[in-house]
Amino acid sequence: MFYREAGQFKTNYRSDQAIFPIIQDRWFIALVLAVAFIVIPMFANEYWFQAVLIPLFIYAIAAIGLNILTGYAGQVSLGTGAFMAIGAYATYKLCTAFPDLNILIIFVVSGVFSAGVGIVFGIPSLRIKGFYLAVATLAAQFFILWLFNKVGWFYNNNPSGTITAPPRELFGIMITGPEAKAMTRYYVCLIFLSVMALAAKNLVRGRIGRSWMAIRDMDIAAEIIGIEPLKTKLMAFAISSFYCGVAGALFIFCWLGSAETEAFDIFLSFQILFMIIIGGLGSIMGSILGAAFITLLPIFLTNVPPMIGIPIATDLSKHIEEIIFGVLIVFFLIVEPHGLARLWQIAKEKLRQWPFPY
Amino acid sequence: MEFLESVFILPFLDIADSPVFFLEVVIGGVLSGVMYSLVALGFVLIFKASGVFNFAQGAMVLFSALTLVGLMEQGVPVFLAIILTTALMVVLAILIEHMMLRHLVNQEGIILFMATIGLNFILEGVGQIAWGSDVKKLDIGLPDTSFEYGDMLFNTLDLSAALIAAVMVTVLALFFQYTGTGRALRAVADDHQAALSVGIPLKTIWIIVWSVAGIVALVAGILWGTKAGVQFSLVLIALKALPVLILGGFTSVPGAIIGGLIIGVGEKVVEVYWGPAFGGAIEGWFAYMLALAFLMFRPQGLFGEKIIERV
Amino acid sequence: MNATSNAPETLLKVEGISLSFGGVKALSNISFDVRKGEIRAIIGPNGAGKSSMLNCINGFYHPQEGQITFKGETRSQMQPHEAAKQGIARTFQNIALFKGMSTLDNIMTGRNLKMKTNFLWQALHLGPARREEMEHREAAERVIDFLEIEQIRKTPVGRLPYGLQKRVELGRALAAEPDLLLLDEPMAGMNHEEKEDMCRYILDVNDQLGTTIVLIEHDMSVVMDISDRVVVLDYGRLLADGTPDVVRANQAVINAYLGVTHE
């Protein structure tokens, strides 16, 4: 009853094109943002920041990146991990080579590097489609990680082979390195996510987003109405890799602190792919929901059963997690290929009629 | 300079220096290639018949091997264990058809592919819970001794593996080409709905295909498992089968074999002779890069069918 | 009936086009022209090569022989997106809409070539990007108005009935403001009323916008009613070329349709 759009007429195209045309939606988003920016930091503790929220935001950024490539543009990619690695290693090299350069600029430049490599590995997409393309991205995944592993220059030849985030400040506050507080890092990631999600939403509802979806739905027809396939696909690869690169940089610099190439392996690529399948292909909101779901599930599985009296051993719970993921993926693909995002929309539509049955 | 030398000159000198060793490396590659071919074969079967790219093939290999070992550990005699595992794979095929494929008739390839990724995780999880996740030794009585012939070292296990694979592949190739069921399978691969409308029992066909693929998976699992122990890396082999399929073409049974051999030999040779120049572990990506090159210049592989798109 | 100037200007000329697929000759030495502002029908029994002819005109197929002159420029081959840039738009026999998008979005993709702002502005959705989006939204809405499909503008096209989908596809082609509109069986599978609507739209487009139209159609009454001139193909060869009355009386055409055996 309270969720009705009756009476909300749009008098010009501008308001019709708004991201959240329905007023109730706007209130809801405002609420979510308020909670994220104000409420949570008041109550969350170190554990929640470090184990749940920060990775959630970072995965969400990567998921948005992958969704742009796979969900909107229809190009299957299994190389997400590698593109995140590029962002991380580029940030590392830039930080160590230019100690005075502003860390924000470094993050953005690393994203650009990642975009550049993404374009290179996207070139095959003109001739290859579907899961054949997935193989090309696998080549990227394995080759790039091998490169970072073998060529000492990438990790400044330090004997352990890991890269560690050097401490860096922004506006006088420490945001990376051991001194950086969890809350600071939380805000950095939250701001990046908010800005990048908004940018992504703007892109997908405009000309570029439509050309991506046209290529995804029927690339022959798209070409015939004038959309250039190679340019469009490469743009998708570039922007997607940019997002993954930034996510990778934040991964090391604002979350883990240090890592080896294993952190970016094929299993990470699969994880992000699951996030967008469950969350909803072709949906920005879905990417965030999927990231939330997959980040929270293991926490749920380790914490809830003991609370209701069923203890589960750690490796058993890991296997159960795997099974649940698998089942959910198959379930969503069968029942609702548009994932949680669509379920959310359906729920909203039901809400419009509530409490009436129709 | 030294690097260039080690890439363009030294490897060839090494080969010329000791042709016998080179032959040994090649043969080792052939044998691992045969393994890849077997797994790729499972893919080809399912793809040919249903157009589904079964990402879960690797998991099926692992699952079948785990089940076999698990049964044998419980004291079940080898012969019976194999029969039981085969039956289980057939049941699995029926379940897959019933719970998954039926609902995804005529969806696009990407959706099916991702569904099989999900299937992969389910099988892995279940297999590991049921039978534990440590490495297991699999011994079904295949002879495993080494002997010398001329100057080269051979191993009976590897040879039996190659032989079994060869037989399997021949039987399957003949089956596809010359039987009525084989023809029905090819019709289904082309167009599910059209096949349905000429009365081909889609359900039955899919069950047959997945069962056969399951059996192929079991054979692959036995052979790999006996050689290397049953463990996780079997799943990554599924990933390696992708380049094999690209080289050989997704719809060709002989293609799967030749593709597997090329990748197997290629990997070994490149790793042994060119590996040192690059710091080793080239095997990890060589197959994919090769596949990538093929995709650029000959997307249908060596034997696959060229797809003409009509509007 | 339909506007043509005193000295009819040729918009499209097709000369000596031959097209084969493997061993099958789809088109043999086809030549005809299309005048600016006219409605030209291509008819013929099934398999005559009509769709192939359209595909050659918009660059999707590349004929082995012959050349095509459009707006004064002659070429033997071009890519589909170049054809689009030059002002050729088309619809397809088996609807080629973007099923995952709404009607409005589909029509907006037709405006794609006219939208120029780069991705940075788009990401911000301010200034030039926003103005451009509004401008083209208005153009798309004009097309939506014209085709009377306002109520379905936000519906995903995959859910629309066949007749409406065909109309949306026409809308997408019109959104590009083409000089030459190629319609491949725009009325296939429609009932009588839908056909009348479609005829009305086609005639209006030709009348009000002056768009030149080449259409493939099986319904003879439609063809005779709305076209200025007709080309008849059979087995990839040109059988007749002229006004509807002339073509209707042509013996070879009558034979083709009634199925007299070929020597």
Side-chain angles (χ1 to χ4, degrees), chain A residues 5 10 12-19 21 68 71-74 115 195-232 234-236 238-239 242-243 280-283 337-338 342 345, chain C residues 55 58-60 79-92 95-101 104-106 108-126 129-138 140-141 153-154 157-158 169 172-173 175-176 178 182:
Chain A
E5 23 176 71
K10 303 291 170 243
N12 58 41
Y13 296 132
R14 221 173 95 167
S15 40
D16 194 44
Q17 304 265 75
I19 295 181
I68 287 178
Y72 284 97
V195 169
M196 291 177 88
L198 180 62
K201 186 68 185 170
N202 282 334
L203 281 177
V204 302
R205 63 189 174 122
R207 166 181 69 90
I208 294 185
R210 282 192 295 266
S211 41
W212 285 336
M213 291 192 274
I215 293 281
R216 174 197 68 192
D217 284 344
M218 198 180 277
D219 53 353
I220 300 176
E223 196 177 353
I224 288 178
I225 63 174
I227 296 174
E228 289 177 68
L230 189 60
K231 262 201 211 168
T232 311
L234 289 184
M235 178 72 90
I239 295 186
F242 177 81
Y243 273 69
L281 292 164
S283 159
H338 298 283
R342 182 94 183 94
Q345 266 185 346
Chain C
N55 283 337
N58 89 316
F60 190 62
Q79 294 302 323
H81 67 256
E82 282 164 32
K85 282 196 186 136
Q86 301 215 345
I88 303 179
R90 70 170 284 181
T91 65
F92 298 86
I95 304 177
L97 285 175
F98 305 121
K99 297 280 163 79
M101 296 199 259
L104 177 60
D105 278 336
N106 264 279
M108 289 288 275
T109 60
R111 303 290 301 174
N112 204 285
L113 277 176
K114 308 200 192 287
M115 298 180 76
K116 301 282 179 224
T117 50
N118 71 30
F119 76 96
L120 284 172
W121 276 118
Q122 298 217 353
L124 296 172
H125 203 77
L126 293 172
R130 203 181 213 179
R131 279 195 295 273
E132 193 182 62
E133 185 82 9
M134 292 310 132
E135 184 190 312
H136 292 287
R137 170 74 189 263
E138 282 177 31
E141 290 286 343
R153 62 154 86 75
K154 296 281 173 87
V157 298
E169 212 196 0
R172 187 181 64 184
L182 306 173

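Just so we're on the same page: letters track the sequence lines, and every chain starts at 1.
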[X] versus chain A, the contacting section by heavy-atom distance below 4.5 Å:
| X | answer |
| --- | --- |
| C:Lys99 | backbone |
| C:Lys114 | neither |
| C:Arg172 | side chain |
| C:Asn58 | side chain |
| C:Ile95 | backbone |
| C:Glu82 | neither |

Any chance you could lay out the salt bridge (charged side-chain N to carboxylate O under 4.0 Å, His left out) test for C:Arg111 and C:Glu132, step after step, and finish with the verdict? CA-CA 11 Å; C:Arg111 303 290 301 174; C:Glu132 193 182 62; over 6 Å; no

**Prompt:** Looking at side-chain heavy atoms only, is the closest gap between A:Ile225 and C:Asn112 below 4.5 Å?
**Reply:**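 Not touching, per the 4.5 Å side-chain cut-off.
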
Check your understanding: Quick one: does A:Arg210's side chain get under 4.5 Å of C:Asn106's, heavy atoms only?
Key ->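 Side chain of A:Arg210 against side chain of C:Asn106, heavy atoms only: no contact under 4.5 Å found.
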
Could you tell me which portion of A:Ala222 (side chain, backbone, both or neither) has an atom closer than 4.5 angstrom to a non-hydrogen atom of chain C?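 Answer is both: backbone and side chain atoms of A:Ala222 are under 4.5 Å from chain C.
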
Open item on the list: Under 4.0 Å between a side-chain nitrogen and a carboxylate oxygen: does that hold for C:Glu133 and C:Arg137?
Closed with: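 So C:Glu133 does not pair with C:Arg137 through a salt bridge.
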
message: Other residues, nucleotides and ligands only: do more than 12 of their heavy atoms fall within 6.0 Å of NZ on A:Lys231?
response: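 Not more than 12 within 6.0 Å, no.
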
CE-CE distance between A:Met218 and C:Met101, expressed to the nearest 0.5 angstrom =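 Between atom CE of A:Met218 and atom CE of C:Met101 there are 11.0 Å.
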
